[in-house]
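Notes to accompany the following structure.
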2 protein chains.
Amino acid sequence: MPKTGSKPPAAPHAAVTMRDVAREAGVSVGTVSRVVNKNPAVKARIREQVQAAIARTGWQPNAVAQSMRTASTKTIGCVLPDIGNPLFAAIAKSAEEELRRHGYAFILANSNGDADHEMELLTLLLQRRVDGLLFAPSDEYDPRMTGIVRGTRVPTVLVERELPEECDHVVSDQRNGVRQAADHLISLGHRRIALVTGEPKIRPGRERYRGFAEAFESAGLPIDPALLRLESLTVAYAYQEVHRLMALKEPPTGIIMGGNMMLTGALRAFALKGVRVPQDVSVVAVGDTDLAELASPPITAVRWNLEAMGREAAVALINRVAAGGAAAPPEPQHVILPTEIVLRRSCAIKS
Amino acid sequence: MPKTGSKPPAAPHAAVTMRDVAREAGVSVGTVSRVVNKNPAVKARIREQVQAAIARTGWQPNAVAQSMRTASTKTIGCVLPDIGNPLFAAIAKSAEEELRRHGYAFILANSNGDADHEMELLTLLLQRRVDGLLFAPSDEYDPRMTGIVRGTRVPTVLVERELPEECDHVVSDQRNGVRQAADHLISLGHRRIALVTGEPKIRPGRERYRGFAEAFESAGLPIDPALLRLESLTVAYAYQEVHRLMALKEPPTGIIMGGNMMLTGALRAFALKGVRVPQDVSVVAVGDTDLAELASPPITAVRWNLEAMGREAAVALINRVAAGGAAAPPEPQHVILPTEIVLRRSCAIKS
DNA sequence: CTGTTAGCGCATTCAG
DNA sequence: CTGAATGCGCTAACAG
């Protein structure tokens, strides 16, 4: 078979490399590299030759080799408790979008709120040399976690969590949100108000309780500790504790569900027991969802901009990474997104 | 200052490498590599020395270099339409979990159902040399997409999509699900039944219509084309079309919302117009959600195991990747997960 | 303006 | 059983 002008498109898929392109174009690998990296110091004619050769060979740059050489992976690692929670799904989605617009890939991992597992994930991501970390730790006081975050040179941005001395963070103003929720119920005449939310080991747990306490304090009212359920953010916990709360001799007349998933548990408990909202109990959800909007009655809820959280976190990360430890402000940057309360029909005047 | 036995933990963070560990342990890099890779042909004593040196230096293997050398990234790329949709969030979550258990990292990207964007994402992931692809294309007939999938050597598993000749896939039996939904409404005496779902360019759109048609055919009933709305899976489309449907001179007496997000749109439309379920219209949702369960009345829904979808897809991928083009069955493997209908209180007998 | 070359950090021959 | 040497694919000096 006589040799024709152009070779077949490389061997049966023996991973075509830059060298193949160079040979095909009759130039050196350095020149191919320059064309790829848009170095302007390449003559137009040569550039075209190279581009043609790239097209002919079907070569695609090997990002692994590029990372090896440049010590930058253009990859962000993201560790969240649970992407199945619409809250984190929304944050991950908008963060991923913003990051990709800037050329970063997005490695996602779920910790399930398990600190041990979380350590493994962080280690894994660091070994993969991610350029930055988007992170919502399960326990802000875990010394292993703080050790890693402090020890690494990889820029880290926290979402809905804080390590104020160490990291940038993007959080929502849960304190004010719950404060408004409690104020609202108090203004309706409620005095026995329950708060069910997560532990103080993460920021939302602390801030929600704080907002709750502020509302009572400024109203000159005492908090009944029997109505505080501060142990978990899960649906199951919400279900169980609402159930118990409503079985009290003196049940609360108002309940604040301090967690995105928790309204589900509360509504399940109400359905089971035939509790009517708002006749039997007034409810405020923290975290607005389809369910809050479309339940009967629609549930008053505290909301904030999740899409902005992800985006802001991504922007913060990009700034840090781009600054490369250089021009970046040495002090951690903290952004706090506002919350607002959406009044619906789940809260009645205390009779 | 006299030299003490152990050096300071490397320079102020000059990325410690295997070479540093080797020097510290007084062995060669080859030996360090063997220890790390658990090569048994290393004397216990040396192994311990090396491990001590690793601990002392704080060295972490550089996964980028490993990938470069081994031509395997232990990374799976995942392109889904929208991680904000709980359906895909659940799939991504369980897939990620299974993959990580097998040592794979998980790069996630949202296509937003945009085919152009999708091409870029695929290209990006391929350049990053992912070991496999978990993918839900926006349009099964897009020739650019099929070209890439066919052309690459990277194993690809589709979820809720099919390219039966090219790829493994994991899908749910939407045809049967909608068939059951329609059968149910028909058995209740309904004849004017609307179906609102997505386009036939992706499997769920095709299969849902097929199940719908089967039910009518086997009941010997005609389909009124005016009640078919087959153009999109979005909340906005659901809202708009339900609105229009209920404004018809002869509105449907039953509606099947053929898409996970679509019940939200339907309930919004009902709320706005004061349409009562099931007095004014009976409703079946395809895709079970908190909203379907907890709405008033609770909505009859078709459901399937999302967690299994993600897991099965991950397993299929792992098998392909591990087989490395070798022992894997050459024919694509197809798994179809069953659906079931959950009867609730949203469907009434046609008066 | 383009070619040549030296590594990036590691796994893996091949010697010894 | 361990050390030395090679190269994965690419970028960035440096020469010319």
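Throughout, a chain's letter reflects where its sequence line sits, starting with A, and its residues are numbered from 1.
- Counting non-hydrogen atoms under 4.0 angstrom, B/V42 reaches the backbone sugars and phosphates but no base.
- Computed from coordinates, the B/Q49 CD to D/dC1 P distance equals 15 Å when rounded to whole Å.
- Summarising the geometry, the separation between CZ on B/R128 and P on D/dC10 is reported as 15 Å, rounded to the nearest angstrom.
- Checking side-chain atoms of A/T70 against main-chain N and O of A/Q66 turns up a donor-acceptor pair under 3.5 Å.
- Atom CZ in B/R34 sits roughly 11 Å away from atom P in D/dC1 (whole-Å rounding).
- More than 12 heavy-atom neighbours from other residues, nucleotides or ligands sit within 6.0 angstrom of CZ on B/R144.
- One atom, NZ of B/K43, and another, C1' of D/dG3, lie 14 Å apart when rounded to the nearest Å.
- For the pair B/E140 and B/K201, the salt-bridge criterion is not met [side-chain N within less than 4.0 Å of a carboxylate O].
- OP1 and OP2 of D/dT2 both lie 4.0 Å or more from every side-chain N or O belonging to B/T31.
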Please list, for nucleotides 7-9 of chain C, all pairs of protein and nucleotide N/O atoms separated by less than 3.5 Å.
residue : atom : partner : partner atom : Å
C/dG7   : N2   : A/R69   : NE           : 3.3
C/dG7   : N2   : A/R69   : NH1          : 3.0

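- A/R128 and B/T75 share a side-chain donor-acceptor pair at under 3.5 Å.
- Each of B/G30 and A/V32 was matched to the nucleotide of DNA chain D holding its nearest heavy atom; the match closer to the 5' end belongs to B/G30.
- Checking side-chain atoms of B/R161 against main-chain N and O of B/P137 turns up a donor-acceptor pair under 3.5 Å.
- At least one donor-acceptor pair under 3.5 Å links the side chain of B/T156 to the backbone N or O of B/V154.
- Among the atoms of the strands shown, none is found under 4.0 Å from any heavy atom of A/V64.
- B/N39 has its CG atom 15 Å from the C1' atom of C/dC14, to the nearest Å.
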